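This is the structure I have questions about; it appears just below.
All values derive from a computational prediction rather than experimental measurement. All ligand and atom numbering here is 1-based and tracks the order in the structure.
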Amino acid sequence: MSAAAPAIPFPAAFGDWRPDSWRARPAMQLPTYPDAEALDRAVEELGQLPPLVTSWEIFALKKQLAEAQEGKRFVLQGGDCAESFSDCESGLISNRLKVLLQMSLVLVHGLQLPVVRVGRFAGQYAKPRSTDMETRGEITLPSYRGDLVNGPEFTAQARIPDPQRMIRAHSRSAMTMNFVRALIDGGFADLHHPEYWNLSWVGYSPLANEYQQMVADIGGAVRFMETLAGAEVHNLNRIDFYTSHEALLLPYEQALTREVPRQHGWLNLSTHYPWIGMRTAAVDGAHVEYLRGVRNPIAVKVGPSVKPDQLLALMDILNPDDEPGRLTFIHRMGAAQIAEKLPPLLEAVKRDGRRVLWVCDAMHGNTESTSNGFKTRRFDNVRGEVEQAFDIHAAVGTRLGGVHLELTGEDVTECTGGARELTDVDLERAYRSTVDPRLNYEQSLEIAMSIVRKQRQLQATVA
Ligand code: PEP
Ligand code: CO
């Protein structure tokens, strides 16, 4: 998915770390498998299967994230809250890719910066849950923890954690990855043909004119450059695309943690850019222990209860050598809390002086329930959190280097508001998520456009 990058020097020793040293630490959010031997067998089988990504791609991404830390790139990370096995289907995969390509086009054009495109896919199969058990009426069963662990159906059988699901998740991730790589290598992302990524909304959306105008501007610029050069401009037909998921189910992550020839240390080869969720970010916990030892770029979700000391301790453990591109903090405070909770964290990290990349997840602090029983997010809160994040970083003198969003290329109605002003009643029409509500394609594009507007407004104030 990307060109080879030069090897980065190996950081200071990882001490007594091993791919399974997390087992000695308190582990949150892991299922209890009824058959421990079946789990061991699945981990062993998975350990023999080929990896999903390569070390070159991982190091190339790390370098791009280091550039994002310096303000030379912007990160767009997005996809489903959770993939499901049944969603491993060509239309859904290509539509998700299309919406991410369209958003990145808006961002590249508007921000005048290269965009690092990172999907929340090809492995986003495990979910943290707020309660271990779910009760419906008289019946209480273990919670659904994502297709990597158990099934969503509310039956005792479906909810039993099954280690063979890890093997299926690996296959589905490989199929997803293979299709995305083939599309991109085949020219799907070619800037000469942005119509390849048109989703049906482009024909009738309130946002269509603005988007089409931008595509026409870019087409004009490409033709101008090609006329000037007397030849086709190369490199417009290929892009880098990276994958990420929450590194939650540690036996799965461990099985895909490998050493590779001519590189020191260990890499998680199930994804380019694993992250630690908010509920598993304890400094002395199993997830932090596992991720400290892999050389991938990694991220940690930072919620409203995190204190400055905790962030500094995470930096000590996860990036002891202050390596560029290594560590991202994804803040997810919610539109109502970001103004109060974020500044002290930014100030502490700024004072400390070590490098991190700041990314805003504008979804997970904004979840609410409607009176008709849907879990939703209001578009205005999502956009409001991103816009506030830009302002807060500017005021503190830090840099917002990217956004993290839950989105889909489908015409779902899961988040309210947006250009089409979806209401609670509209949620009944096309609510498909089994977990968190996602922005639909139109709402996603609208966020990209509002990021550009916000950035321009900030630049105008500085100028
Ligand atoms: C998620 O990204 O789906 C998630 C559960 O996020 P967080 O850990 O920030 O709650
Ligand atoms: Co989610």
Any idea which part of Arg120 is under 4.0 Å from ligand 1, heavy-atom wise: side chain, backbone, both or neither?
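Under 4.0 Å from ligand 1, Arg120 contributes side-chain atoms alone.
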Which N, O or S atom of Glu406 lies nearest to the Co ion (ligand 2), by name:
OE2
Using a 4.0 Å heavy-atom cut-off, which part of Arg332 comes near ligand 1: side chain, backbone, both, or neither?
side chain
Heavy atoms only, cut-off 4.0 Å: how does Pro128 contact ligand 1, side chain, backbone, both, or neither?
side chain
Using 30° and 60° as the class limits, which term best fits the ring planes of Trp17 and Tyr290: parallel, tilted or perpendicular?
tilted
Applying a strict 4.0 Å limit to heavy atoms, is Met363 in contact with ligand 1?
no
For Glu57, is there an ion pair with Lys62 - N to carboxylate O distance below 4.0 angstrom?
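The answer is no: the pair does not qualify as a salt bridge.
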Can you report which non-hydrogen protein atom sits closest to atom 3 (O) of ligand 1, along with the distance?
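Its nearest protein heavy-atom neighbour is Lys127 NZ, 2.7 Å.
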Which residue and atom name correspond to the protein heavy atom nearest atom 8 (O) of ligand 1, and how close is it?
Met278 N, 2.8 Å
From the options Arg279, His245, Lys301, select the one whose nearest heavy atom is closest to atom 2 (O) of ligand 1.
Lys301
How about Arg378: does its CZ atom have over 12 heavy atoms from other parts shown lying under 6.0 Å from it?
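Check fails, neighbour count at 12 or below.
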The test is salt bridge (Lys or Arg N to Asp or Glu O under 4.0 Å); show your working for Arg145 and Asp132 and say whether it passes.
CA-CA 9 Å; Arg145 292 185 174 277; Asp132 282 343; 2.7 Å; yes
Pairs involving residues 384-397, ordered by first then second residue, that meet side chain to side chain donor-acceptor pair (under 3.5 Å) (sequence neighbours left out):
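Sorted pair list: His331-His393, Asn366-Glu385, Asp391-Lys454, His393-Thr398.
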Write out the residue and atom name of the closest protein heavy atom to atom 1 (C) of ligand 1, then the distance separating them to 0.1 Å.
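The answer is His364 NE2, 3.0 Å.
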